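Presented below is the structure to which this report refers.
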Number of protein chains: 2
Amino acid sequence: MLVATLSDREWWPVPNRNPLTRKLWNFLPLSEPDRTALESLASKEECFASHVDIVAEGSVPRSVFVLLEGMAIRYRNLSDGTRQVITFLIPGDVCDLHVFLLKTMDHSIGTLTPVRIAPVSRDGMMDLFTCHPRVSAALWWSSLQEEAMLRERIVALGRRDARGRIAYLLCELFWRHRAVGLTKGRSFSLPLTQTELGDALGLSAVHVNRILQDFRKHGLIVMERRKLELVSLPGLQKIADFNETYLHFGGAPKELTDYFERLESNR
Amino acid sequence: MLVATLSDREWWPVPNRNPLTRKLWNFLPLSEPDRTALESLASKEECFASHVDIVAEGSVPRSVFVLLEGMAIRYRNLSDGTRQVITFLIPGDVCDLHVFLLKTMDHSIGTLTPVRIAPVSRDGMMDLFTCHPRVSAALWWSSLQEEAMLRERIVALGRRDARGRIAYLLCELFWRHRAVGLTKGRSFSLPLTQTELGDALGLSAVHVNRILQDFRKHGLIVMERRKLELVSLPGLQKIADFNETYLHFGGAPKELTDYFERLESNR
DNA sequence: CGGGAGGTTGAGCATGTTCAAAGGATGTGG
DNA sequence: CCACATCCTTTGAACATGCTCAACCTCCCG
């Protein structure tokens, strides 16, 4: 079934300019004005070097931003010197949609590679919410997806063994990259060290290493030069007891698309 | 410092009728009309027995609801027969604020005790969002808090040992109960079995048992008849490396309260 | 080339699991 | 009001998964 999905239906012909547009399209098709509005958010750009904090724990939340290129993490440092990676951020991810409601950040956001982001002003955001209901629905969907990913991580950490955790994470990252058009066949760029994987999964780097070796030996994956190929996605998904439902790529419920169509024909 | 907080400042004199009002008040004081509007949501009520599903994984999301009384969990069943408890729901918790954007539930919600909920119609929700900006801000805050709790659980599962995890969970539950006025001194009602604690923390019931015994032996907690007393909150917080910042009980940022005051004086 | 970060290896060890059985508590029906 | 069933807690002992530590290797990149 999965293999069929991958080969049968080629990806929608959405231009690749903006990964956020690409991602939201998975949920809801956007009109031309919607798309223009969304993409004009990314008019300004900022760059960060590799392994640098974009947002620091304890700081006052800054503006919303969209990750355009590169990879980043949300993480927490613990008092014993270890750290926990909470989330991986990939292109198209929106950070902290409504974070102006909070006084301080309870975690940091740091880069893993050089990163390009588009800061979004609060006014820009407000405009989107008031004038572009499809876009705002899609943005809320995206934040629900993020929350679902947090829940899934909890399940992985609580109930899966080391092999299951690693397999799960590789699958999730694959599907997410695919959703923004950043996969080529079964491969995508994954610039993570084994330590970083371990920090995300509650495993030691040594153990991550051994299990990745095992996956390679069994022909499940190929990793070279920061590229990952999932030779057998079904195999990995089986190891992880992975079910991509939680990513909610199935599109918007009919109710909602109907609603928007009525809304738009009434204009 | 913590002890001081607990003893110095007695809790706001908010009537206890509705735990949701109580909780939101921690973030933002509400006007009388705001409060009335919020509490009129709970006009209808539904009851559920103990150990019953309110919402099942795979089902179509039903309406939003507020938990009024009792305790429930979000959880996932895995294919190997185990389950992971993702979140504990206590009175005042709002379920699935914007879940109408999704096609299917990716987890279940089940009761741990008999439970009373107030289903909220979508119109009721919409009314709140359009006519009561303070309430909607507070509801969004509450959903941010939930997300922060998910992140904290990830940190606990990824980086804390069994003692740390259990201590962390007890502290979190204490603070949350306190925020809705359901603590008495250092005690609150906690109708959880050790198996349920284990399912939330990725530990076996046996091990949970041994650690709870250890906590009791060291005079950190007293548990009897489903009541938990945190004899030494500081002690537990130290074991867990717990910092309640992530619960964001500090109130709304000044920017926001200013904004609302301007808004309201302009009327 | 040389330095440094990341990857690989082995061996001993620790934390927490599993399994099985027994001891309370609670609640229900006779 | 007792007897019984059930669920929860407690205990012990063997076991397993994954950690730590320390050393070595390899590939980049300057």
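Everything quoted here is computed from the prediction, not taken from an experiment. Convention: sequence-line order gives letters A, B, ...; per-chain numbering from 1. Computed over heavy atoms, backbone and side chain alike; hydrogens, waters and symmetry mates excluded.
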Under a 4.0 Å threshold between the charged nitrogen and the carboxylate oxygen, would [Y] count as salt-bridged to [X]?
| X | Y | value |
| --- | --- | --- |
| B:Asp80 | A:Arg159 | no |
| A:Arg176 | A:Asp93 | yes |
| B:Glu146 | B:Arg74 | yes |
| A:Arg153 | A:Glu172 | no |
| A:Glu224 | A:Arg216 | no |

Ignoring the backbone of [X], work out which of [options] is nearest its side chain.
| X | options | answer |
| --- | --- | --- |
| A:Arg216 | C:dG6, C:dT8, C:dT26 | C:dT8 |
| A:Arg226 | C:dG6, C:dT26, D:dC19 | C:dG6 |
| A:Arg210 | D:dG18, C:dT8, C:dG10 | C:dG10 |
| B:Thr193 | C:dG16, D:dC19, D:dC8 | D:dC8 |

Atom-to-atom span, [atom1] of [X] to [atom2] of [N] - whole angstrom:
| X | N | atom1 | atom2 | value |
| --- | --- | --- | --- | --- |
| B:Glu224 | C:dT26 | CD | P | 11 Å |
| A:Arg160 | D:dG18 | CZ | P | 14 Å |
| B:Leu197 | D:dC8 | CG | C1' | 12 Å |
| B:Leu228 | D:dT9 | CG | P | 13 Å |
| B:His207 | D:dT10 | NE2 | P | 14 Å |
| A:Ile221 | C:dG7 | CD1 | C1' | 13 Å |
| B:Asp214 | C:dT15 | CG | P | 13 Å |

Using a cut-off of less than 4.0 Å, is there contact between a side-chain N or O of [X] and OP1 or OP2 of [N]?
| X | N | value |
| --- | --- | --- |
| A:Asn209 | C:dT8 | yes |
| A:Gln194 | C:dT8 | yes |
| A:Gln213 | C:dT9 | yes |

**Q.** A:Arg165 or B:Val206, whichever maps to the more 5' nucleotide of DNA chain D
**A.** B:Val206
Q | Most 5' of A:Arg159 and A:Leu192 on DNA chain C, judged by nearest nucleotide | A | A:Leu192
